[in-house]
Engineer: 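Before we start, here is the structure in question, set down as structure tokens.
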Amino acid sequence: MTSDLRLTVLGSATPYPAADNPCSGYLVTAGGTRLWVDAGSGTLGALQRHARLDEVDAIWISHLHADHTADLLTAYYALLYADIRLDAPLPLYGPPGVADRLADFLTHGERRSPVERAFEVRELTDGQRARVGALELTSREVAHGMPAFALRVEHEGRSLTYSGDSAPCAALTELATGCGTLLCEADGDDGEGVHHSPEEAGATATAAGARRLIVTHVGRAVGPGAAVTRAATAFAGPVAYAAPGAVFPVD
């Protein structure tokens, strides 16, 4: 695998998958390391076009809404009861309570499902730093009306920031400062303080001094083309849409 930092879009639909687009999920790779970022509905299938689950080094989850986590349930069955064989549980970075949330869905009797046999759970905190193989990860808590985190991934001077789901906020702008690529949600106009509009995504990219903006999690009432056009009114750099299957080298 190339040592360059790359973003592969597994899916970007919200709040439910389209026929040709899973919900939120991304594969970030560099230096032989593979990080699965968000596990929305359908993304485990898309992931396997690029890597088996036992070739993934860790999973990182922004928040506990189903369009970002649902495929953790099927990943659990894959890790414990199918053809996947791991020497140790797969590291899972997620918001506080992620293990209990999974167990609530997976347990069907008096005995709690053994979530920790499948996943080595590491709960996120604001400002948390971690290293996964060749990747340096920094997480910041952002504004989504619930525990939610944005992520900055760095490798050999290259940097990618992912907003997760968030309204514009200082923590996200600080995290994205000077990044090569900002992958930012653009869920529409009526975010009620929990989402970016396309124009706000452009404004956040401008405020952070990002070199490139990729809009994702685009609201169905907006559409990819309109989201790119609207984001470009607030950001002078290149703007792209996170189309499923797209691969973006991160400069």
Engineer: Verify, without hydrogens or angle tests, whether H155 (side chain) and L5 (backbone) share a donor-acceptor contact under 3.5 angstrom.
Structural biologist: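 The answer is no, because no donor-acceptor pair under 3.5 Å joins these two groups.
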
Engineer: Do T216 and V9 come within less than 4.5 Å of each other through their side chains, counting heavy atoms only?
Structural biologist: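 T216 vs V9: side chains apart.
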
Engineer: Just by modelled atom types, is the A201 backbone N or O under 3.5 Å from a matching donor or acceptor in the T204 side chain?
Structural biologist: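 The answer is no, because no donor-acceptor pair under 3.5 Å joins these two groups.
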
Engineer: If you look only at pairs with a residue in residues 84-94, which of them pass as a side-chain hydrogen bond (donor to acceptor under 3.5 Å, both in side chains), with sequence neighbours excluded?
Structural biologist: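 Counting only pairs at least two positions apart or across chains, the side-chain hydrogen bond (donor to acceptor under 3.5 Å, both in side chains) contacts touching residues 84-94 are Y93-R122.
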
Engineer: With salt bridge (Lys or Arg N to Asp or Glu O under 4.0 Å) as the rule and sequence neighbours excluded, what pairs involving residues 36-53 come up?
Structural biologist: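 Qualifying pairs, neighbours excluded: R52-D54, R52-D83.
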
Engineer: Which atom names give the shortest non-hydrogen contact between L53 and A78, and what distance separates them?
Structural biologist: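 It is CD2-CB, 3.9 Å.
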
Engineer: If you round to the nearest 0.5 Å, how far is SG of C179 from CZ of R152?
Structural biologist: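 Reported to 0.5 Å precision, the distance equals 5.5 Å.
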
Engineer: Taking D251 first and then R158, would you say they form a salt bridge - that is, a charged N and a carboxylate O separated by under 4.0 Å?
Structural biologist: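 No.
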
Engineer: Hey, what else clusters with L175 if you join Ile, Leu, Val, Met, Phe, Trp, Tyr whenever side-chain heavy atoms sit under 4.5 Å?
Structural biologist: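 Reading the cluster by chain and number, L175 sits alone, since nothing else belongs.
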
Engineer: Please work out whether the ring planes of Y81 and Y77 are parallel, tilted or perpendicular, with thresholds of 30° and 60°.
Structural biologist: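 Ring orientation of Y81 relative to Y77: tilted.
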
Engineer: So, does T173 use its side chain to make a donor-acceptor pair with the main chain of A208 at under 3.5 Å?
Structural biologist: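 A pair under 3.5 Å: no.
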
Engineer: For S163, check side-chain contact (heavy atoms from CB on, under 4.5 Å) against everything at least two apart and list the hits.
Structural biologist: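 S163 satisfies side-chain contact (heavy atoms from CB on, under 4.5 Å) with L172, C184, E185 only.
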
Engineer: Taking ring-ring contact (aromatic ring centres under 6.0 Å, His included) as the cut-off, I'd like each qualifying pair that reaches into residues 5-35, sequence neighbours left out, listed once.
Structural biologist: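 Output for this query lists Y26-Y162.
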
Engineer: Is the backbone of T29 close enough, under 3.5 Å, to the side chain of T33 for a donor and an acceptor to pair up by distance?
Structural biologist: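 Not confirmed, T33 side chain does not pair with T29 backbone.
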
Engineer: Indicate the atoms forming the closest heavy-atom contact of P22 with A46, along with that distance.
Structural biologist: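 That closest heavy-atom pairing would be CG-CB, 4.4 Å.
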
Engineer: Rounded to the nearest 0.5 Å, what separation is found between the NE2 atom of H50 and the CD atom of E55?
Structural biologist: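 Here the rounded value is 12.5 Å.
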
Engineer: Using links of under 4.5 Å between side-chain heavy atoms of ILVMFWY residues, direct or through other members, which residues join V222 in one cluster?
Structural biologist: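 Besides V222, the hydrophobic cluster comprises L182, L213, V215, V218, V228, F235, V239, Y241, listed by chain and residue number.
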
Engineer: Do D187 and H196 pair up side chain to side chain, a donor and an acceptor below 3.5 Å, judged on atom types alone?
Structural biologist: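 No, H196 and D187 have no side-chain donor paired with an acceptor closer than 3.5 Å.
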
Engineer: Checking D67 now: which residues fulfil side-chain hydrogen bond (donor to acceptor under 3.5 Å, both in side chains) with it, not counting sequence neighbours?
Structural biologist: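 Scan of D67 (side-chain hydrogen bond (donor to acceptor under 3.5 Å, both in side chains), adjacent residues dropped) gives T14, H217.
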
Engineer: Among pairs that include at least one residue of residues 226-243, which meet salt bridge (Lys or Arg N to Asp or Glu O under 4.0 Å), considering only residues two or more places apart or in two chains?
Structural biologist: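 Sorted result for residues 226-243: D189-R230, E199-R230.
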
Engineer: Return the CD1 to CG distance between I61 and L72, rounded to the nearest 0.5 Å.
Structural biologist: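 I61 atom CD1 to L72 atom CG measures 4.5 Å (nearest 0.5 Å).
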
Engineer: Could you walk me through whether R6 and V250 pass the side chain to side chain contact (heavy atoms under 4.5 Å, CB included) check?
Structural biologist: CA-CA 6 Å; R6 289 180 180 271; V250 178; over 6 Å; no

Engineer: Among pairs that include at least one residue of residues 109-142, which meet ring-ring contact (aromatic ring centres under 6.0 Å, His included), considering only residues two or more places apart or in two chains?
Structural biologist: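 Output for this query is empty, none listed.
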
Engineer: Throw together a table of side-chain donor-acceptor distances under 3.5 angstrom for residues 95-106, partners on residues two or more places apart or in other chains.
Structural biologist:
residue : atom : partner : partner atom : Å
D100    : OD1  : R112    : NH2          : 3.1
R101    : NH1  : L64     : O            : 3.3

Engineer: ring-ring contact (aromatic ring centres under 6.0 Å, His included) with F149: which residues, sequence neighbours excluded?
Structural biologist: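 So F149 forms no ring-ring contact (aromatic ring centres under 6.0 Å, His included) with any residue.
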
Engineer: Show which side-chain atoms of residues 132-141 pair as donor or acceptor with protein atoms under 3.5 Å away, not counting sequence neighbours.
Structural biologist:
residue : atom : partner : partner atom : Å
E136    : OE2  : R131    : NH1          : 2.9
T138    : OG1  : R129    : NH1          : 3.3
S139    : OG   : W60     : NE1          : 3.1
R140    : NE   : D126    : OD1          : 2.7
R140    : NH1  : E174    : OE1          : 3.2

